[in-house]
Amino acid sequence: MKKGDHLFLVDGSGFIFRAFHAIPALNRKSDGLPVNAVSGFCNMLWKLLRDARNTDVGVTPTHLAVIFDYSSTTFRKEIYPLYKANRSAPPEDLIPQFGLIRHATRAFNLPCIETEGFEADDIIATYARQAEAAGADVTVVSSDKDLMQLVTANVHMYDAMKDKQIGIPDVIEKWGVPPEKMIDLQAMTGDSTDNVPGIPGIGPKTAAQLLEEFGDLETLLARAGEIKQVKRRENILANAELARVSRQLVELRTDVPLDMDLDALVLEPQDGPKLIGFLKAMEFTTLTRRVAETCNCDAGTIEAAVVSVEWGDAARGPDLDASSTAAVDANPTTSNAAPASGAGAASGKTPADLARSRADGFAANPIDRSTYVTIRDLPTLELWVAAARETGLVAFDTETTSLDPMQAELVGVSLAIQDNVLSPGSTTIRAAYLPLAHKTGIGDLLGGGHAEGQIPMGEALDALRGLLEDPSVLKVAQNLKYDYLVMKRHGITLQAFDDTMLMSYVLDAGKGNHGMDGLSEKWLGHTPIAYKDVAGSGKSSVTFDLVDIDRATAYAAEDADVTLRLWLVLKPRLAAEGLTRIYERLERPLVPVLAHMEERGITVDRQILSRLSGELAQKAAAAEDEVYELAGERFNIGSPKQLGDILFGRMGLPGGSKTKTGQWSTSAQVLEDLAAEGAPLPRKIVDWRQLTKLKSTYTDALPGYVHPQTKRVHTGYSLASTTTGRLSSSEPNLQNIPVRTAEGRKIRTAFISTPGHKLLSADYSQIELRVLAHVADIPQLRQAFADGIDIHAMTASEMFGVPVEGMPSEVRRRAKAINFGIIYGISAFGLANQLSIERSEAGDYIKRYFERFPGIKDYMESTKTFAREHGYVETIFGRRAHYPEIKSSNPSMRAFNERAAINAPIQGSAADIIRRAMIQIEPALNATGLSERCRMLLQVHDELIFEVGDDAVDAAMPVIVDVMENAAMPAVSMRVPLKVDARAAHNWDEAH
DNA sequence: GTCCGACCGTA
DNA sequence: TTACGGTCGGACG
């Protein structure tokens, strides 16, 4: 065992008791054998082996052992005969499970360890210290406080039932003392369940306080006379010896003689058939199915193992499994130990292999639209629902009348399942379409009638509801947020889902888009029917309810079929590439959060917008006249081509830069430069541009997005359209509402709260610079943020030696531009452009910046190197952004990719932080009883906007600020504090 | 009707 | 110097 290895030590005995009491009674169907603790144990182990990365521990074990108590006779009885004397016999139903859990451990191919005369805790302590000394990390899978004394920077505990990792801060938070003082604390408080006496009248609070004051138990006992409280002093003095004995009882031994050394605990590949045999014997159908699927085994052909059940104490006797020991000896290698990520040893498959073989399998088993079924009656639908429940996995897709989920009316639903109900082990996929609201008679004056052969909508939805809302059946969809919203508007709230689009996004952000047709081409080599081939395009297109049901079946069922196939390929890739945690924690939970935000919308005051449109029209017309006056002729000011001809041709003004197509640029930058030379026309054109931009893009367009029923504006958020992990907003884009100019800000006054409410805006202060200070670990930046001082002024002061007091604004402005430039992967060319200075001067600035902050240069270089080596970069949470062209032979293309790769971890980490905040907000508001009166409406990259009842503003604001400021925890402990500013007002302008 | 470039609004 | 989406003009079919 060596540095980088990670040893998991499972407290088997502790887990048995905990699971037995926490998990409801469960009996084997065939004979009533109680198996609840066994079930809890197996599920926990499976989760740890398959995707520990995906739990709060966040890492995959390289070594793992399950430790049990051998017997109740231990050295502690010799020290204190009353130790554990008050233990009553275990419950009747628990007794047979002791032996079963040892069987389970062996079925998982794991070492099962116990040593005579010692408790499991002592063995765990011994292994933990040995592993730590070898430089490895350790996770003790237990929540027993008796083990907390083992926690160090390298040794953590893990509460599997709560999915909570326990580290040094958690111990301090719970007990008021650091782990190394737990022994003294327990010695003083005693333990009634183990009959450890302790000092009467001393509980954890008092003990912690005394340890804080005196340092440790011995010092306390020596100086007990100094204690002021009479009763407490006497108690301690009288029971000093009892405390010393207690200390011996609670202190864990780290010198237990061990039969298996650390290297023997290396994780072996799973033996799929062996494990399935045991699980079948226990009759755990769900877990059997999961294991079979992951191991690519056919559970149907594996016989249930014969598991003897011992009902007596013999079950707790020594029963080290010789075969598992031999297997360990035969394979002593510790490096690159295959993590038991569900890879079956028998099939020799890793998840990556599985993804590949499934893709290959589909190539040999192509999509066949002739097998698709149209569901036309309730019994047939119920058959499909039952089959989906049986397999626990169903792909589904909704067909509607609109791309806008807030307007869409449900027209039909398609389903796809793996057909291992009728033919077990088969990978055949069956797909069906359920038409619900198709019409006949296109062009009919009556608008067409309801088509024959459709189950009434209400009956069909009732039949589907149980399936779609069942948390034990996984629903798979492509771009699930759409279907989630459509179904929610039809009274069904989806539970338990996966989204193939988001899986692709997590795996391949930066490698093209994640639309279904593209993914189908890429992974299945199949081109699905194009929507326009079914519904037509342009003027001759029809809504889906007017599509013939047979044609609709081919199209819709194919979508579900393709979605299920994509899931089968992408799901194992997530595990293989270590991205399950990102997908499950940062991506998938955001789907309902965003769906709810989209559904809520925000009120926009049409009167205000209409008045602004009028004002802008007047001002623009006036500016237009002046432009014609100054130009001496009328032309289309909005045409850069015509404008360029006037300015640089006829009027002979000096052209600035050129566009990609060779035209003179007429950008605002160029026009500003000309205006600075004294030419009046360019200034007017800039004014005109601003006025018409505000009018056409905002004041004229926004009212068209007001929903006819809700009277609110419902933007759409895209989860999968940026490379970095940011969201994007469209129809309308509410992430680019003007704020920089006074004229533009007026538009924000039209975004208002409903009566009796306020809009609350909470935004991160300088989040990207804080992330930069964290990732590049820049002392001056960290200090400045810790002290809460002006970061740009500090930068200017460092670079130019100008005191912050009385600093000229121009100096600060330049430093600010440089700070942003750094985040964007600075170049002298870009900085010169931004600051309108010479490129050589910009180069000097950058050089000086790197001299003052050498860590920045290091960060940029190491990021580029990483990107070149891997083809991607990662955020602090592990999200990846791919840059496949970073090795391009085109120097400017390469440089562009390098800058983007430098920016992505910063922008992306900030995006991840606000995602985490958004996911946590709803539960936090719920916990404080605010969720009814405080609703999250919008996200603008570093800002969240809520609508809050007037009486709830004061309560909601600190909850929101707290969640946002701590959103990186506990996954990442930032070296820089995050700061959030919040305000509430009647409109967005005043709240921001 | 559809596509692309130029431009500009946001973080 | 990063990341987006919307509008317009203008070219193409």
Side-chain angles (χ1 to χ4, degrees), chain A residues 509-510 532 537-541 635-644 657-671 685-686 689-702 704-705 715-718 721-741 743-745 747-748 763-769 772 817-835 839 842 845-846 860 873 881 883 895-908 910-911 914 938-943 992:
Chain A
K532 66 173 177 3
S537 64
K539 224 177 158 182
S540 60
S541 69
F635 64 101
N636 190 340
I637 310 172
S639 163
K641 188 170 176 294
Q642 294 180 34
L643 180 59
S657 57
K658 55 316 166 212
T659 72
K660 219 164 42 178
T661 52
Q663 289 284 318
W664 286 115
S665 168
T666 66
S667 68
Q669 177 73 61
V670 169
L671 297 180
I685 293 165
V686 169
R689 283 233 183 107
Q690 195 204 10
L691 296 165
T692 53
K693 170 84 171 179
L694 294 176
K695 182 168 186 289
S696 66
T697 305
Y698 302 103
T699 60
D700 285 352
L702 279 171
Y705 288 104
T715 186
Y717 288 102
S718 170
S721 57
T722 71
T723 305
T724 54
R726 273 193 177 180
L727 304 178
S728 74
S729 156
S730 64
E731 294 180 76
N733 181 353
L734 295 187
Q735 290 180 324
N736 71 347
I737 302 302
V739 72
R740 288 179 190 177
T741 66
E743 195 73 40
R745 259 199 309 278
I747 292 164
R748 292 200 169 209
D763 68 295
Y764 284 105
S765 164
Q766 309 279 17
I767 188 168
E768 292 192 353
L769 276 175
L772 174 68
I818 296 167
N819 274 334
F820 278 99
I822 293 297
I823 290 171
Y824 298 152
I826 202 155
S827 76
F829 180 86
L831 184 62
N833 239 2
Q834 179 69 24
L835 288 175
R839 204 186 304 187
Y845 284 178
I846 294 167
M860 295 174 82
V873 290
Y883 293 93
F896 175 77
N897 275 275
E898 287 173 354
R899 289 194 299 272
I902 288 167
N903 173 255
I906 302 170
Q907 188 185 113
I914 198 166
L938 304 177
Q939 188 250 42
V940 191
H941 307 309
D942 66 358
E943 176 188 16
H992 184 73

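All values derive from a computational prediction rather than experimental measurement. Computation of the quantities below employed the complete heavy-atom set of this structure, encompassing side-chain atoms and omitting hydrogens, waters and symmetry-equivalent molecules. Chain A is the first sequence line, chain B the second, and so forth, proteins listed ahead of strands; every chain is numbered from 1.
Using a 4.0 Å heavy-atom cutoff across all strands shown, A/F896 reaches sugar-phosphate atoms only and no base atom. Heavy atoms of A/E768 sit nowhere under 4.0 angstrom from any nucleic acid atom. Among the protein residues, A/A828 comes within range of no part of the nucleic acid, since none of its heavy atoms lies under 4.0 Å from any strand. Contacts of A/R740 with the nucleic acid, taken as non-hydrogen atoms under 4.0 Å apart, include base atoms. Residue A/I737 is in sugar-phosphate contact alone, with no base atom involved, counting any heavy-atom pair closer than 4.0 Å across all strands shown. Backbone-only engagement by A/A701 is indicated by non-hydrogen atom pairs under 4.0 Å involving sugar-phosphate atoms exclusively. Across all strands, A/S537 comes closer than 4.0 Å to no nucleic acid atom at all (heavy-atom distances).
Contacts of A/S696 classified as side-chain hydrogen bond (donor to acceptor under 3.5 Å, both in side chains), with partners at least two apart in sequence or in another chain: none. Evaluation of the salt bridge (Lys or Arg N to Asp or Glu O under 4.0 Å) rule for A/K693 yields no partner, not counting sequence neighbours.
When each of C/dA3, C/dG5, C/dT1 is scored by its nearest atom to the side-chain atoms of A/F829, the top-ranked nucleotide is C/dT1. Of all nucleotides listed (C/dC4, C/dG6, B/dA11), C/dC4 comes nearest to the side chain of A/T723. Closest contact between the side chain of A/T722 and the listed nucleotides C/dT2, C/dA3, B/dC8 involves C/dA3. Among B/dG9, B/dA11, B/dC7, the nucleotide with an atom closest to any side-chain atom of A/S665 is B/dC7. Among the nucleotides C/dG6, C/dC4, B/dA11, the one closest to the side chain of A/T697 is C/dG6. Distances from the side chain of A/S827 to the nucleotides B/dC7, B/dA11, C/dT1 place C/dT1 closest.
Phosphate proximity of B/dC7 to A/T666: present, with a side-chain N or O under 4.0 Å from OP1 or OP2. Contact between the side-chain N/O atoms of A/R726 and the OP1/OP2 oxygens of B/dA11 is not found at any separation under 4.0 Å.
Contact of A/N733 with C/dG5 (side chain to base): no donor-acceptor pair of N or O atoms is detected under 3.5 Å.
Counting non-hydrogen atoms of other residues, nucleotides and ligands closer than 6.0 Å to CD of A/E731 gives a total of 12 or fewer.
Counting only heavy atoms from C-beta outward, the side chains of A/Y845 and A/L835 approach each other to under 4.5 Å. A 4.5 Å side-chain heavy-atom check between A/I747 and A/T699 finds at least one atom pair inside the cut-off.
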Once base and sugar-phosphate atoms are separated, protein heavy atoms under 4.0 Å mark nucleotides 8-13 of chain C, 5' to 3', with B, S and - as SSS---
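Pairs passing the side-chain hydrogen bond (donor to acceptor under 3.5 Å, both in side chains) check and including a residue from residues 819-833 of chain A, sequence neighbours excluded, read A/H792-A/N819, A/T795-A/N819, A/N819-A/Y849.
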Pairs under 3.5 angstrom, nitrogen or oxygen only, protein versus nucleotides 3-5 of chain B, please.
none

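Within a heavy-atom distance below 4.0 Å of DNA chain B, no residue of residues 897-907 of chain A is found.
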